[in-house]
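Order of the sequence lines fixes the chain letters, A, B, ..., with proteins taken first and strands second; residue numbering starts at 1 for each chain.
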2 protein chains.
Amino acid sequence: MKEDRRASDRASVCSCVNLRRASRAITRIYDDALQPSGLKVTQYSVLANLSRAGAVSVSALARMLTLDRTTLVRNLKALEQAGFVEGAPSPDPRERGVSLSETGRAAVAKAQPYWLQAQQLIEEKLGAEGVRQLGALAIALEGSAGDDEAGDEPGETG
Amino acid sequence: MKEDRRASDRASVCSCVNLRRASRAITRIYDDALQPSGLKVTQYSVLANLSRAGAVSVSALARMLTLDRTTLVRNLKALEQAGFVEGAPSPDPRERGVSLSETGRAAVAKAQPYWLQAQQLIEEKLGAEGVRQLGALAIALEGSAGDDEAGDEPGETG
DNA sequence: CTCGTATGCGTGCATATACACGCATATACC
DNA sequence: GGTATATGCGTGTATATGCACGCATACGAG
C-alpha cells in the first residue's frame, strides 16, 4: 500500500482541507522567516494591528483581526506577559483598553523586515495576482459566515 | 487619521493573515454544515482519508494529510475514544496501524452529504475556477516549505 | 553480534481557535 | 428607582497545530 501520489494528484477534493493545508503551509513560511525576531506571525499580526490602532478595546481589536474575541483574550495574555502589550485607560469601565508598550513597538520594528521578506517570497511564489486574490478570498468566505442564520429566537421551545 | 474600513478595504496586506482568515472562515462554514453529523471538518477529513486508505500507519496517514505526525497522533486519540478508529495489525512493530471501525465508517457515511453540501456552497461562492485554484494554492505553498533555505538576512547583524 | 543510522512513535510544552457560560456594566424604557 | 436589553469581558472545555525530545525498533556496515 504505497502512497504514490504526485503533486498534481495530491490536491484534496475538499476545499476546506485545501485551504487549511495552504494556511498551515504559509504559516510555516512566515513563522520561519520571523524566527529571528522571536515572534510568530499570529503575534506579529496582533502587534502590528495594535501599532496602527493605538489604544483600543479587546473587542475592537478582535473585530479588526476578524478573530474571535475570546481567542484574542488569550493571545493577548502571552503578549502582555512578554511585555509587548500593556493596559490602556478606557472611558467605558466595561472595556479593557490595550496598547503597544515601548518594548512591543521595538519588537514590531525588529520583526518587520523579516515579515517583509516573507511577503516577497510569497509574491514570488504566487505572483502579484495570486496575492491579490488571497485578500478577496478571505472576504468572500467571511461574507456570509454566521450572518446568514434564520429563525433563532431566544424563546426556548419547551 | 480615521479608520473607515469597508469590506474592500478590510483586506490585510499580509498574505499570511489573509490566508489564515480565509481558513478560519471556511472551517466555520464546513463545521457548521457538518454539525448535524457531530463531526468537525478536521475529523471528517481524517476519517474520510482513512476510509480510502484502509489500514495504514500513523506516519503514512500524516503524510497523506500533509499534517504533522504528532498532531495526527492527538487528533486520532479523540477519534479512537469515540470509537471511530481502531488499531490495525502492522508488519513492522515500530508502526502503529490504524483503520476505520464500523462505527467510523457509518459516521463518514452519515456526514458525507453534509460535507457535500458545504462543498457546493463553496463552489457557489468561489466558482469552479476559484475552487480549482485552492488546490493549486496549497501545493504551491507546500512546494518549498522547509526545503529551501535563503541566507538573505535583512540587517540584524548586531 | 555490535554499532551507528534511519524510521516510527508518543509526550511535554506552547500556541491558536472558538463555543458556551456567567459576570459586570451601560442604556433605554417605564 | 427598577427592569429588560445590549455590550464587553474572562474562563472552562475541547480541539488543532507543530517543535523538541526521548524511546523503541529495523537495517546496513564491520
Side-chain angles (χ1 to χ4, degrees), chain A residues 16-17 19-32 34-35 38-46 56-63 65-82 84 87-88 90-98 142 145-146 149 152-155, chain B residues 16-17 19-32 34-35 38-46 56-63 65-82 84 87 90-98 142 145-146:
Chain A
C16 185
V17 166
L19 200 34
R20 289 180 64 90
R21 269 174 54 189
S23 172
R24 289 196 298 269
I26 203 172
T27 298
R28 203 162 355 177
I29 292 173
Y30 274 73
D31 278 354
D32 216 48
L34 282 171
Q35 199 209 347
L39 292 176
K40 305 285 204 77
V41 65
T42 44
Q43 304 174 324
Y44 177 77
S45 166
V46 171
V56 287
S57 73
V58 175
S59 286
L61 185 56
R63 281 190 291 266
L65 295 163
T66 328
L67 193 56
D68 187 277
R69 181 185 55 77
T70 68
T71 296
L72 182 57
V73 165
R74 296 169 211 262
N75 291 359
L76 279 174
K77 187 164 291 185
L79 295 172
E80 289 180 86
Q81 286 179 340
F84 296 148
S90 168
D92 190 331
R94 291 173 303 177
E95 292 181 356
R96 181 165 75 91
V98 289
E142 283 162 2
E149 210 51 52
D152 201 33
E153 294 101 34
Chain B
C16 186
V17 166
L19 200 34
R20 289 181 64 92
R21 269 174 56 187
S23 173
R24 289 196 298 270
I26 203 172
T27 298
R28 204 167 356 191
I29 292 173
Y30 274 74
D31 278 354
D32 216 49
L34 282 172
Q35 200 210 345
L39 292 176
K40 305 286 204 76
V41 65
T42 43
Q43 305 174 323
Y44 177 76
S45 166
V46 171
V56 287
S57 73
V58 175
S59 285
L61 186 56
R63 281 190 291 267
L65 295 163
T66 327
L67 193 58
D68 187 275
R69 182 185 55 75
T70 68
T71 296
L72 182 58
V73 165
R74 297 171 211 259
N75 291 359
L76 279 174
K77 186 164 289 184
L79 295 172
E80 290 180 86
Q81 287 179 338
F84 296 148
S90 169
D92 189 331
R94 289 175 304 179
E95 291 182 356
R96 182 165 74 92
V98 289
E142 284 160 4

Does a nitrogen or oxygen in the side chain of [X] sit under 4.0 Å from OP1 or OP2 of [N]?
X     : N      : value
A:K77 : D:dT11 : yes
A:S57 : D:dG8  : no
B:S59 : C:dC9  : yes
B:R20 : C:dT17 : yes
A:N75 : C:dT15 : no
A:R96 : D:dG8  : no
B:R63 : C:dT7  : no

Check your understanding: Checking all strands, does A:T70 fall into the base, sugar-phosphate, or nothing category for heavy-atom contacts under 4.0 angstrom?
Key ->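 Base contact.
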
Check your understanding: With a 4.0 Å cut-off on heavy atoms, is B:R69 in touch with a base, just the backbone sugar-phosphate, or nothing at all?
Key ->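 Touches a base.
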
Between [X] (side chain) and [Y] (backbone), is there a donor-acceptor pair under 3.5 Å?
X     : Y     : value
A:R24 : B:T66 : yes
A:T27 : A:S23 : yes
B:S45 : B:V41 : no

Rounded to whole angstroms, how far apart are [atom1] on [X] and [atom2] on [N]?
X     : N      : atom1 : atom2 : value
B:D32 : C:dA18 : CG    : C1'   : 12 Å
B:Q43 : D:dA14 : CD    : P     : 13 Å
B:L65 : D:dG18 : CG    : P     : 11 Å
B:R28 : D:dA16 : CZ    : C1'   : 15 Å
A:D31 : D:dA20 : CG    : P     : 12 Å
B:L61 : D:dA16 : CG    : P     : 13 Å
B:L72 : D:dG18 : CG    : P     : 11 Å
B:L76 : D:dA16 : CG    : P     : 10 Å

Check your understanding: How far apart are the C-alpha atoms of A:L34 and A:Q43, what are their side-chain angles, what is the distance that settles it, and do they pass the side chain to side chain contact (heavy atoms under 4.5 Å, CB included) test?
Key -> CA-CA 10 Å; A:L34 282 171; A:Q43 304 174 324; over 6 Å; no

**Study point:** Along DNA chain C (nearest heavy atom to each residue), the more 5'-positioned of A:P93 and A:R74
**Key:**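 Closer to the 5' end of DNA chain C: A:R74.
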
Exercise for review: Tell me which of A:K40 and A:L67 sits closer to the 5' end of DNA chain C, going by the nucleotide each one is nearest to.
Suggested key: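 Nearest-nucleotide comparison on DNA chain C picks A:K40.
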
**Study point:** Evaluation steps, side chain to side chain contact (heavy atoms under 4.5 Å, CB included), between B:L67 and B:N75
**Key:** CA-CA 11 Å; B:L67 193 58; B:N75 291 359; 4.0 Å; yes

Exercise for review: Kindly determine whether B:D68 and A:R28 satisfy side chain to side chain contact (heavy atoms under 4.5 Å, CB included), including the steps that lead there.
Suggested key: CA-CA 12 Å; B:D68 187 275; A:R28 203 162 355 177; over 6 Å; no

Check your understanding: Is B:R94 side chain donor-acceptor paired with the C:dG10 base, going by distance under 3.5 Å alone?
Key ->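 It does not, because no donor-acceptor pair links the side chain of B:R94 to the base of C:dG10 below 3.5 Å.
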
Point to revise | Side-chain donor/acceptor contact of B:R24 with base of C:dT17 under 3.5 Å | key: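 No, the side chain and the base share no sub-3.5 Å donor-acceptor pair.
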
Practice item. On DNA chain D, check which nucleotide each of B:D92 and B:T71 is closest to and give me the residue with the more 5' one. Key: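 With B:D92 and B:T71 compared, the 5'-side residue is B:T71.
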
